[in-house]
Number of protein chains: 2
Amino acid sequence: MLTRGELAQRTGVHAETIRYYEQRGLLPPPRRTAAGYRAYSETDVARLRFIKRAQELGFSLREIEELLTLEATPGASSGLVRQRALAKIAEIEARIRDLTRIRDTLRRLVAACDGKAPVEHCPILHALYDDHGTHADAKHRDGNAHA
Amino acid sequence: MLTRGELAQRTGVHAETIRYYEQRGLLPPPRRTAAGYRAYSETDVARLRFIKRAQELGFSLREIEELLTLEATPGASSGLVRQRALAKIAEIEARIRDLTRIRDTLRRLVAACDGKAPVEHCPILHALYDDHGTHADAKHRDGNAHA
DNA sequence: CGAAACCCTGTAGTTAACTACAGGGCGTAA
DNA sequence: TTACGCCCTGTAGTTAACTACAGGGTTTCG
């Protein structure tokens, strides 16, 4: 039996996050000690690791919840899980296409700039004002995920 | 001279967003009519379009602010703008690499699954529990941008 | 002149996924 | 026994970029 802090250490998930997951329904309410402390088991360790790994694969907590629900559904076939994975792959590929298009536009702008002119004549800045031509999809702007 | 609503229509930026940009310092405080209404000019139209376009290219509002500041700096050379564009390209490429890795992992999982087994034997779910091997970078998990 | 449509301000809510904090209880080691 | 660290709860703050709303003034059209 593990305390919340121990579970946190075992899984690399912040202790407060564990409480948050419980609230969200991602973790079942654990048993409690006489003093009211949460008492976790190895099952909880596995479940938390599942959550972490699915997150790394680009699933949102909401989607992970669905995956977990699916898993707990007796009659379900693994085709549903497969479907969700395929949908996620499609999403990721669309995202990659967006980013590639943005990068290419940026590359073209950089190519037009020798970096030596005074900033007032910077072709990159000018392109930004003029627009026309290149159409990065405004709906998915977020090349910024690293910043 | 344009009202806030007119500027919004001209640029496709929500009227409230214009006020927000002013607060953030992305748009200079405009002149006011006798009644206190904001009065915008073509310069503001251009500036807002700059902001939109830079956003589409993956720049955050904070970065756009820097770009705009740079532009207003008399002695600056366009090399600085070029540098920022190059840095952004690098960011985007790193993001693409992350997403590609995630997609490949997902593809491998899907390939291992015929979708017919009961969900308890789903190899995708099992892989999620077991971890090991594939290492999608946890720091940039967000294949979810489309959801 | 009156109603609709717009503008003003300040503030609060939205999304996702946490993370922190206040105020109190418990458990253990010197 | 007391001090320190961990646990409890509920709630509020964080980030980014908006978006909405309340309660009021203004402008314009018919």
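Every chain is numbered from 1 and lettered A, B, ... according to where its sequence line falls, protein lines coming before strand lines. Keep in mind that this is a model prediction, so the values were computed, not measured.
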A.B. asks: Answer yes or no: side-chain N or O of B:Glu16 and base N or O of D:dC21 forming a donor-acceptor pair under 3.5 Å.
C.D. replies: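 Check passes, donor-acceptor contact within cut-off.
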
A.B. asks: Below 4.0 angstrom from OP1 or OP2 of D:dA20, is there any side-chain N or O of B:His14?
C.D. replies: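 Yes, B:His14 has a side-chain N/O under 4.0 Å of OP1/OP2 on D:dA20.
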
A.B. asks: Thinking salt bridges, do A:Arg101 and A:Asp98 make one under a 4.0 Å N-O criterion?
C.D. replies: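 Yes, this pair counts.
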
A.B. asks: Look at B:Thr17 and D:dC18 and indicate whether a side-chain polar atom (N or O) is within less than 4.0 Å of OP1 or OP2.
C.D. replies: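 So the side chain of B:Thr17 is outside the cut-off, no N or O lying under 4.0 Å from OP1 or OP2 of D:dC18.
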
A.B. asks: I want to check one thing: is the phosphate of D:dA17, taken as OP1 and OP2, less than 4.0 Å away from some side-chain N or O of B:Arg24?
C.D. replies: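 Indeed, a polar side-chain atom of B:Arg24 lies that close.
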
A.B. asks: For atom CZ of A:Arg107, is the number of surrounding heavy atoms from other residues, nucleotides or ligands below 6.0 Å larger than 12?
C.D. replies: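 It does: A:Arg107 CZ has more than 12 such atoms within range.
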
A.B. asks: Is it true that A:Glu16 and A:Arg19 have a side-chain N and a carboxylate O under 4.0 angstrom from each other?
C.D. replies: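 Yes, charged N to carboxylate O under 4.0 Å.
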
A.B. asks: Is atom CZ of B:Arg24 surrounded by more than 12 heavy atoms (other residues, nucleotides or ligands) closer than 6.0 Å?
C.D. replies: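 Counting other residues, nucleotides and ligands, CZ of B:Arg24 exceeds 12 neighbours.
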
A.B. asks: So does B:Arg32 get a side-chain nitrogen or oxygen closer than 4.0 Å to the phosphate oxygens (OP1/OP2) of C:dT9?
C.D. replies: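 Affirmative; the distance criterion is met.
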
A.B. asks: D:dT11, OP1 or OP2 - any side-chain N/O from A:Gln23 closer than 4.0 Å?
C.D. replies: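 No, no such contact exists.
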
A.B. asks: Whole angstrom is fine here: how far is it from CZ in B:Arg19 over to C1' in D:dA22?
C.D. replies: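 In whole Å, D:dA22 C1' lies 12 Å from B:Arg19 CZ.
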
A.B. asks: Reading DNA chain C from 5' onward, which residue's closest nucleotide shows up sooner: B:Ala39 or A:Arg62?
C.D. replies: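 Checking each residue's closest nucleotide, the 5'-ward one belongs to B:Ala39.
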
A.B. asks: Within the pair B:Tyr21 and D:dC18, is there a side-chain N or O less than 4.0 Å away from OP1 or OP2?
C.D. replies: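 Affirmative; the distance criterion is met.
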
A.B. asks: Give a yes/no on whether any side-chain N or O of B:Gln55 is located under 4.0 angstrom from OP1 or OP2 of D:dC18.
C.D. replies: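 Yes, within the criterion.
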
A.B. asks: Would you please confirm or rule out a distance under 4.0 Å between OP1 or OP2 of C:dC26 and any side-chain N or O of A:Arg4?
C.D. replies: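 For C:dC26, OP1/OP2 do not have a side-chain N/O of A:Arg4 under 4.0 Å.
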
A.B. asks: Is a donor-acceptor pair below 3.5 Å formed from side chain A:Tyr37 to base C:dG25, judging by atom type as modelled?
C.D. replies: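 Yes, a donor-acceptor pair under 3.5 Å.
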
